[in-house]
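Just the heavy atoms: all of them, side chains too, but no hydrogens, waters or symmetry mates, feed the values below.
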Amino acid sequence: MTFWLKTITYICAEEICVCLYEFYRSFKDYLHSHIPCRRRDVLVLTPWLAPIVWEGTFNRDILNAQYMQKKLVTGVVTFAVKKYVQFIEGFMSSANKYFLAGHQVIFYLFTDNPEQIPHIQMAPENHLFVIPVQNHSRWQDISMSRMDIISRYIRSQFQYEVHYLYSIDIDVQLFEHIGVEIIDALVGTISSWQYTARRESKSYETRTESQAAIPKGEGDFYYTASFYGGSVAEVYKLTRTCFKGVMKDRENGIEARWHDESHLNKYLLYHKPTRLLSPEYYWDEELSRPRIIQVKRMCSVRKNSKK
């Protein structure tokens, strides 16, 4: 009996070693194809093993081929309300050129001034839908209503038209290609303002009365609400949960420190993103460019905040 137990144990151990070796070989092949030149100057993997996308950490040709085979459609949601209508042409022209170039993209533009939309010649594979939306007196209310609008339209329309959905601010311009390296189930973009900040210095909501509150000592990355997304199903859960938090705060007479962005960070703390985009994917032009930012793919537009 002892002999047979030892034999079975040896065989099982041998099979486990073979499985581990096969996993290692597959993972190594994955790294070589997706991370052709490992960056040593930046963090490329989170503690929960989600990739952080930087220039030099992916092979777009391989990813494009894989994406083409799946025949996927990606949606982009953006809002141009009140004076932000002036940013439509710059955003749409640059996104039409650089966002998932060569792949089918549907742009959903929500605005309170449909008649002011300039004519934009879209790429053959891209489509633009203009959707009227109600105005609000305060920009904070406009910002926080986006989560509700996105979740409602996912349920009624978007889920039938696209596989992935990304929310991008209108007051930005793209200067380099943003490709299929951003595609994953749940994607957050690390804030260019806070990617080097210590945990205690990050702009989390800390007041316990708010639904967006993050307990002291918790938190990992700080994400911008200017660019996030993922699969339609995951974005629906995110926007629905965040809007419920906004409404609960409103009932309790409190407003989160950074509005919908605070609720986004609370959600992504407890629902970890499967992929993170580095600050290269949304760089604030008010900041000086450090050496680790090898390319600025999308940047905020300089504007007069008083206006």
Beyond-backbone contact of [X] with [Y], side-chain heavy atoms, under 4.5 angstrom:
{"X": "W283", "Y": "I293", "value": "yes"}
{"X": "I106", "Y": "V76", "value": "no"}
{"X": "F99", "Y": "I182", "value": "yes"}
{"X": "T111", "Y": "V81", "value": "no"}
{"X": "L109", "Y": "I170", "value": "yes"}
{"X": "L186", "Y": "L238", "value": "yes"}
{"X": "S231", "Y": "V235", "value": "no"}
{"X": "R39", "Y": "I292", "value": "yes"}

Walk me through whether V42 and I52 qualify under side-chain contact (heavy atoms from CB on, under 4.5 Å).
CA-CA 9 Å; V42 292; I52 304 175; over 6 Å; no
With a 4.5 Å cut-off on side-chain heavy-atom distances among I, L, V, M, F, W and Y, is there a chain of contacts connecting [X] to [Y]?
{"X": "M68", "Y": "L72", "value": "no"}
{"X": "V77", "Y": "Y160", "value": "no"}
{"X": "V73", "Y": "I154", "value": "yes"}
{"X": "V295", "Y": "I168", "value": "no"}
{"X": "F221", "Y": "L287", "value": "yes"}

Name the atoms and distances for all side-chain donor-acceptor pairs under 3.5 Å in residues 120-130, with sequence neighbours left out.
from, atom 1, to, atom 2, distance (Å)
E125, OE2, G102, N, 3.2
N126, OD1, V105, N, 3.3
N126, ND2, N96, OD1, 3.0

Just how far is it from atom [atom1] of [X] to atom [atom2] of [Y], taken to the nearest 0.5 Å?
{"X": "F158", "Y": "Y236", "atom1": "CZ", "atom2": "OH", "value": "13.0 Å"}
{"X": "E280", "Y": "C299", "atom1": "CD", "atom2": "SG", "value": "10.5 Å"}
{"X": "I131", "Y": "F107", "atom1": "CD1", "atom2": "CZ", "value": "13.5 Å"}
{"X": "T206", "Y": "R257", "atom1": "OG1", "atom2": "CZ", "value": "7.0 Å"}
{"X": "E286", "Y": "S300", "atom1": "CD", "atom2": "OG", "value": "6.5 Å"}
{"X": "E205", "Y": "I254", "atom1": "CD", "atom2": "CD1", "value": "5.5 Å"}

For [X], which residues count as a ring-ring contact (aromatic ring centres under 6.0 Å, His included) partner, sequence neighbours excluded?
{"X": "Y164", "result": "none"}
{"X": "F110", "result": "F79, Y153"}
{"X": "Y281", "result": "none"}
{"X": "H163", "result": "none"}

Salt bridge or not for [X] and [Y], using N-O below 4.0 Å?
{"X": "K272", "Y": "D220", "result": "yes"}
{"X": "R250", "Y": "E255", "result": "no"}
{"X": "E181", "Y": "R60", "result": "yes"}

Report yes or no: do [X] and [Y] form a side-chain donor-acceptor pair below 3.5 Å?
{"X": "D284", "Y": "S192", "result": "no"}
{"X": "T239", "Y": "Y267", "result": "no"}
{"X": "Y222", "Y": "E261", "result": "yes"}

For the student: nearest non-hydrogen atoms of [X] and [Y], plus distance:
{"X": "K82", "Y": "D112", "answer": "N-OD1, 3.2 Å"}
{"X": "Y166", "Y": "G229", "answer": "CD2-CA, 3.6 Å"}
{"X": "A50", "Y": "L276", "answer": "CB-CD1, 4.2 Å"}
{"X": "D249", "Y": "S210", "answer": "OD2-OG, 2.8 Å"}

Side-chain donor or acceptor of [X] paired with backbone N/O of [Y] under 3.5 Å:
{"X": "S94", "Y": "L174", "value": "yes"}
{"X": "N59", "Y": "D61", "value": "yes"}
{"X": "R275", "Y": "P51", "value": "no"}
{"X": "W48", "Y": "P273", "value": "yes"}
{"X": "S93", "Y": "G90", "value": "no"}
{"X": "K266", "Y": "Q211", "value": "yes"}
{"X": "S151", "Y": "M147", "value": "yes"}
{"X": "N265", "Y": "Y204", "value": "no"}

Centres of the F175 and Y98 rings: under 6.0 Å?
no
Under the side-chain contact (heavy atoms from CB on, under 4.5 Å) rule, what do R240 and D148 come out as? Steps first, then yes or no, please.
CA-CA 7 Å; R240 193 69 187 151; D148 178 43; 4.1 Å; yes
Please determine whether the number of non-hydrogen atoms from other residues, nucleotides or ligands lying under 6.0 Å from atom CD of E89 exceeds 12.
no
Decide yes or no on side chain to side chain donor-acceptor pair (under 3.5 Å) for Y67 and T74, but give the supporting numbers first.
CA-CA 11 Å; Y67 189 86; T74 299; 2.6 Å; yes
I would like to know whether Y228 and T189 meet side-chain contact (heavy atoms from CB on, under 4.5 Å); could you show each step before the answer?
CA-CA 6 Å; Y228 65 90; T189 303; 5.7 Å; no
Here the salt bridge (Lys or Arg N to Asp or Glu O under 4.0 Å) pairs for residues 163-177, sequence neighbours left out, are R146-D169, D171-K303
Could you please spell out the steps behind the side-chain contact (heavy atoms from CB on, under 4.5 Å) verdict for I178 and M298?
CA-CA 8 Å; I178 293 179; M298 183 165 65; 4.0 Å; yes
Would you check, one step at a time, whether the test salt bridge (Lys or Arg N to Asp or Glu O under 4.0 Å) holds for E218 with K216?
CA-CA 6 Å; E218 293 191 26; K216 187 176 180 179; over 6 Å; no
